[in-house]
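One structure below.
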Amino acid sequence: MRSVAKFCGQCDCGCPELFVDDTAPVERQVVITDDFGQRVEMSLDQFGSIVEAAKSGSLDSLALVR
């Protein structure tokens, strides 16, 4: 798997990370791991819809204000 990004917060429990696995089946090529070892797998198309939602601002209300 190829690491694409780490999403580090203000804690000491680890960081969620985004990977792309080009060897996985198409519907499972994007992998997001959390700080506790759990993972979510999805297609590039599914991940693209998350990116589009973030770009459009529809996920802004979920972001924590610091």
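Contact between Met42 and Ile50 at its shortest, heavy atoms only, is SD-CD1, 3.8 Å. Residues Gln29 and Ala24 approach most closely at NE2-O, 3.4 Å, considering heavy atoms. Listed here is the closest heavy atom pair of Phe7 and Cys15: O-CB, 4.0 Å.
Side-chain contact between Pro16 and Thr33 is absent, with no heavy-atom pair separated by less than 4.5 Å.
In this structure, Leu44 CG and Glu27 CD are separated by 11.0 Å, a value rounded to the nearest 0.5 Å. How far CD1 of Ile32 is from CZ of Arg39: 11.0 Å, rounded to the nearest 0.5 Å.
Distance alone, capped at 3.5 Å, is enough to place a donor-acceptor pair between the Ser58 side chain and the Ala53 backbone.
Screening Val30, Val40, Val31 against Phe47 for a side chain to side chain contact (heavy atoms under 4.5 Å, CB included) leaves a single residue, Val30.
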